[in-house]
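Following: one structure in structure tokens, then a few remarks.
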Amino acid sequence: MDTRPIGIFDSGMGGVSLLRDARLLLPHENFIFYGDNKNAPYGDRSEEEILSLTSSAADFLLEHGVKALVLACNTATSASINILRQKLAVPVVSIEPAIKPACEKAGEGRVFMLATAATTRLARYRALLARMPDPSRVINIGISGMVARVERGITEAGAFDDILDAYLEPYFGETADAIVLGCTHYVFAGGAIREYFLRRMKGGCVLFDGNRATARQLGRVLERNGLVNPFGSGSVTFTTSGNAPELRPVFEKLLNMPID
Ligand code: DGL
């Protein structure tokens with residue numbers, strides 16, 4: 001029985017979408033969430049900056065006595081997971097874009113993978129993509145601008161149309177079998193993104209994200225390392241590098257948003 005908290009990290013509020021799944025799956029665990037909201041978004045930064053910011057965030061959570069660390073940020077994973085795993089004394093679990101289940105979905109149409117510019121550019125995602133049976137089926141869209149809106153708690157249908165138009169206009173009318181939400185912020189905009197695709201494209205536009213798989217992996221890692229807290233009442237602590245009184249209501253709103 002290990003009552004120490006699990007650290008969940010994202011550049012900002014996106015990781016709250018993974019925290020929701022982790023809480024459901026592991027209700028007895030204590031979680032400490034850290035959003036580096038002051039420095040978000042990470043997606044337009046260089047690999048070196050993302051690595052440095054993620055390392056500082058990991059140090060912050062380790063100082064809070066976490067027994068395991070979850071990178072609830074696809075962008076941070078791309079830039080830092082190998083180095084953090086070598087460096088840290090606690091297990092590190094990380095999310096990455098769910099293109100594998102999306103590509104396994106039967107169909108003749110495209111898989112649209114929406115992520116940050118950094119995730120789509122960096123070597124880790126490129127290697128993952130190359131392992132797919134038909135990488136040319138995947139359209140990779142690295143988007144700037146969506147994260148900042150979700151950071152303000154904006155998730156409604158229609159709220160991202162201008163941004164999505166700027167990236168997706170060349171594909172209007174194509175068949176979208178699947179849409180991968182390859183940034184944890186986009187999970188909160190999932191309803192709006194799917195509604196947009198249904199208006200602009202053909203096909204089933206089925207959404208995929210890596211949150212549940214990552215939460216399950218966290219459960220396995222806790223078991224394997226003897227770190228489970230099987231009888232606790234479960235808690236969530238919010239910490240941020242940003243303005244906590246302003247950000248807390250957004251955190252609470254997103255944490256309590258129903259999961260589709
Ligand atoms: N939520 C993060 C991700 O999953 C990144 C957002 C950002 O800071 O650009 O990629």
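Both ligands and their constituent atoms are indexed starting at 1 by order of listing.
- With respect to K67 and E29, a salt bridge is recorded, a charged nitrogen being found less than 4.0 Å from a carboxylate O.
- Closest protein heavy atom to atom 7 (C) of ligand 1: Y42 N, 3.3 Å.
- The protein heavy-atom contact nearest to atom 10 (O) of ligand 1 is T75 OG1, 2.6 Å.
- Judged purely by atom type and a 3.5 angstrom limit, R124 has no side-chain atom pairing as donor or acceptor with the backbone of T77.
- Near N74, meaning under 4.0 Å from any of its heavy atoms, are these atoms of ligand 1: 3 (C), 4 (O), 10 (O).
- Without hydrogens or angle criteria, T75 side chain to G43 main chain gives no donor-acceptor distance under 3.5 Å.
- Those atoms of ligand 1 with a heavy atom of G43 less than 4.0 angstrom away are 7 (C), 8 (O), 9 (O).
- The aromatic rings of F9 and Y42 lie tilted to each other, with the angle between the two planes from 30° to 60°.
- Contacts with ligand 1 closer than 4.0 Å are made by side-chain heavy atoms of S11 only, the backbone lying farther away.
- Polar contact check, D10 against ligand 1: a nitrogen or oxygen pair lies under 3.5 Å apart.
- Both the backbone and the side chain of T184 come within 4.0 Å of ligand 1, counting heavy atoms alone.
- The closest side-chain heavy-atom distance from R20 to F188 is below 4.5 Å.
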